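Please read the structure below before turning to the comments.
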Amino acid sequence: MTITCGFDFSTQQVKAVIVDNATSSVIDEATVHFDDDLPHYRTVGGCIQDGLRVTSPTLMWVEALDLVLNRILRNGVDMSKIRSISGCGQQHGSVYWKLGSHKLLQNLSPHRPLRDQLASAFATNDSPIWQDSSTHKQCEEIEAAKGGPERLAEITGSRAYERFTGEQIAKIANEQPAVYSRCERISLVSSFAASILIGGYAGIDMADGSGMNLLDISTRTWDEDLLEYCGGPEGPKALRRRLGEPVLSQSVLGSISRYFVERYGFDPECKIVAFTGDNPSTLASFPTQDGDVIVSLGTSDTVFMTLSKPRPSLDGHVFCHPLYSQKFMAMLCYRNGSLARERIRDKHADGSWDRFNSVVEQHEAGCGGRVGFYYFDPEITPRAHGVFRFEDHRLVPEFRLDPSESPYDPRAILESQFLSMRYHAEAIGLSPKRIVVTGGASGNKTIVKVLSNVFGVPVLQTQQVNSAARGGALRAAMALDSEMCLDERSLLLAAVPDTNYSNLYSAMLDEYALLEREVCVLGQF
Ligand code: ADP
Ligand code: XUL
């Protein structure tokens, strides 16, 4: 039996899965939840928020890697049987390695934990992550530097977004020149994790590299004008050196570092395959067909599918594909995903998903003309901040309720989240024939039913959880064995649409779009 290992360095946790290559199924797994397992970093939801600035302690991710491996070992996994490893990270987050850290990585002692040895390896201890929206100024400047938002989208697959790594680097290069000048190398969360495993700097893979506003997605090289803008006073050459050259997502980077061989019993021949972003990795975990759209309901909600030709627009993103060097993936991203649903659950259902579901089920589809927008944090799609409720097109502070009625917010948040996905997906040319749903909220039958009705298509699911980490393990296997492919039978029907409800949601789309435009004005930030 050959096995591979996949990691997911996500927003709230690090997950590791062990996959049996013959069946592509997960045979062991472990998780380290940042807030609960590593409370000394004082994160909430895996990060630290200070106004629009959102970061995670880089060292927390380092410590989590040792801890998750210890848990896998304790489960009795024979690490020497693992042939290859890959994985993914939350997209856009960046790590700033300090001068001299390459040497540190090459000489890690197996006798001391990573946390102790890498404590002084970073030029800044705080990694900006995808929830950051503090770089509006840089967004305006970078679009101007590349000849406007359309041109930037044509080249890099996306117009400027606050969370994209180029904007984050530009901010540090200009506003914290001391941090930037003592930085030897910049990694994404994905390539940072791979760097520790190989004991040296790992290249940024092209799929995750597409989330930086720096990569030309057609030539798959860094764009010189964008390096010039993002590199600040030190210029483009210095930034190119810090980024290294981008690598194909399916590249074998090398063998695992001695640290892991001696501390955990890995085979010294175990190969490390380039890590990628969590969304590309999820895409790689499913045997999708033409017309399949994946909806991931995790900390963020995302919607994506494979494309043969890039069609960049001002809405959404186009990334290089994580498996096929000639293909692309299109994606939408929502910041107010699970955490916003949790807030509504806590307010109206005492923190219970069962109670939340029964409140949702008590109302008819469409909430009788009520539409709510719940952007507790500054939203990405669309760019707006605040909570806005409309009754028969009129803005109201709260939905009016008869004394016998249960609250509308639980159903209203699901409907507006999914109407937004449908509306923006259509705007970038994604019209699904089927949806494959994944992520923490995908086990919730009520949520999945509303999703199916809003899109008017069947929703499929796999029994395998942790699809981003599993995608890492599968990519690790496929990089060594190009014959390996995914089995369509692993997808099971989870919901079919009710035509009456789907027709009603189709009829609501225009109205939804009008209200969303109004909310973008009301909720400017
Ligand atoms: P990550 O983005 O960190 O990988 P996950 O995909 O594991 O996160 O999703 C975590 C989220 O899943 C939690 O924030 C939680 O709100 C949500 N979740 C878990 N179980 C349910 C459920 N039964 N119904 C709705 N949401 C759920
Ligand atoms: C994608 C995005 C998020 C993160 C965290 O563009 O910002 O989905 O990858 O999951």
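None of the values given here were measured: they were computed from a predicted structure. Atoms within a ligand are numbered from 1 in the order they appear, just like the ligands themselves.
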Under 6.0 Å from the ring centre and within 45 degrees of the ring axis: does the NZ or CZ of R343 meet both conditions for the six-membered ring of F376? yes

Could you tell me, atom by atom, which parts of ligand 1 come under 4.0 Å of a heavy atom of E342? 13 (C), 14 (O), 15 (C), 16 (O)

Is any N or O atom of S300, backbone or side chain, closer than 3.5 Å to an N or O atom of ligand 1? no

What does the contact table look like for ligand 2 (nitrogen or oxygen on each side, cut-off under 3.5 Å)?
residue  : atom   : partner : partner atom : Å
ligand 2 : 6 (O)  : H92     : NE2          : 2.6
ligand 2 : 6 (O)  : R163    : NH2          : 2.8
ligand 2 : 7 (O)  : H92     : NE2          : 3.3
ligand 2 : 7 (O)  : R163    : NE           : 2.9
ligand 2 : 8 (O)  : N279    : ND2          : 3.0
ligand 2 : 8 (O)  : S300    : OG           : 2.8
ligand 2 : 9 (O)  : Q91     : N            : 2.9
ligand 2 : 9 (O)  : D278    : OD1          : 2.7
ligand 2 : 9 (O)  : D278    : OD2          : 3.4
ligand 2 : 9 (O)  : N279    : ND2          : 3.4
ligand 2 : 10 (O) : D278    : OD2          : 2.5
ligand 2 : 10 (O) : S300    : OG           : 3.3

Give me the nearest non-hydrogen protein atom to atom 24 (N) of ligand 1 as residue plus atom name, then the distance to 0.1 Å. N444 ND2, 3.1 Å

With a 4.0 Å cut-off on heavy atoms, is K15 in contact with ligand 1? yes

Is any side-chain N of the basic residue among D301 and R341 closer than 4.0 Å to the acidic one's carboxylate O? yes

Sidechain N-carboxylate O distance under 4.0 Å for D223, K146: yes

Would you mind checking which non-hydrogen protein atom is closest to atom 23 (N) of ligand 1, with the distance to 0.1 Å? W353 CD1, 3.6 Å

Ion pair check, K171 and E162, cut-off under 4.0 Å: no

Would you say I142 and F164 make side-chain contact, with heavy atoms under 4.5 Å? no

With a cut-off of 6.0 Å (strictly less than), are more than 12 heavy atoms of other residues, nucleotides or ligands near CZ of F399? yes

With a cut-off of under 6.0 Å to the ring centre and 45° to the axis, is R383 in cation-pi contact with F525? yes

Within 45 degrees of the ring normal and closer than 6.0 Å to the centroid, is that where the cationic atom of R185 sits relative to F122? no

Which of the numbered atoms in ligand 1 are under 4.0 angstrom from any heavy atom belonging to I447? 25 (C)

If you scan protein heavy atoms around atom 6 (O) of ligand 1, the nearest is G440 N, 2.9 Å

Going by the 4.0 angstrom heavy-atom rule, the piece of T299 near ligand 1 is both

W61 side chain near S56 side chain, heavy-atom distance below 4.5 Å: yes

Relative to the heavy atoms of G439, which atoms of ligand 1 are at a distance of less than 4.0 Å? 6 (O)

When you look for heavy atoms under 4.0 Å from ligand 1, do you find them on the side chain of A441, its backbone, both, or neither? both

Please write down residue, atom name and distance for the protein heavy atom closest to atom 11 (C) of ligand 1. S338 OG, 3.5 Å

Quick check: does any side chain N or O of R53 sit under 3.5 Å from a backbone N or O of S133, one acting as donor and the other as acceptor? no

Determine, step by step, whether E141 and K137 satisfy the salt bridge (Lys or Arg N to Asp or Glu O under 4.0 Å) criterion, reporting the C-alpha distance in whole Å, the side-chain angles of both residues, the deciding distance to 0.1 Å, and the verdict. CA-CA 6 Å; E141 289 174 1; K137 173 173 171 273; 3.5 Å; yes

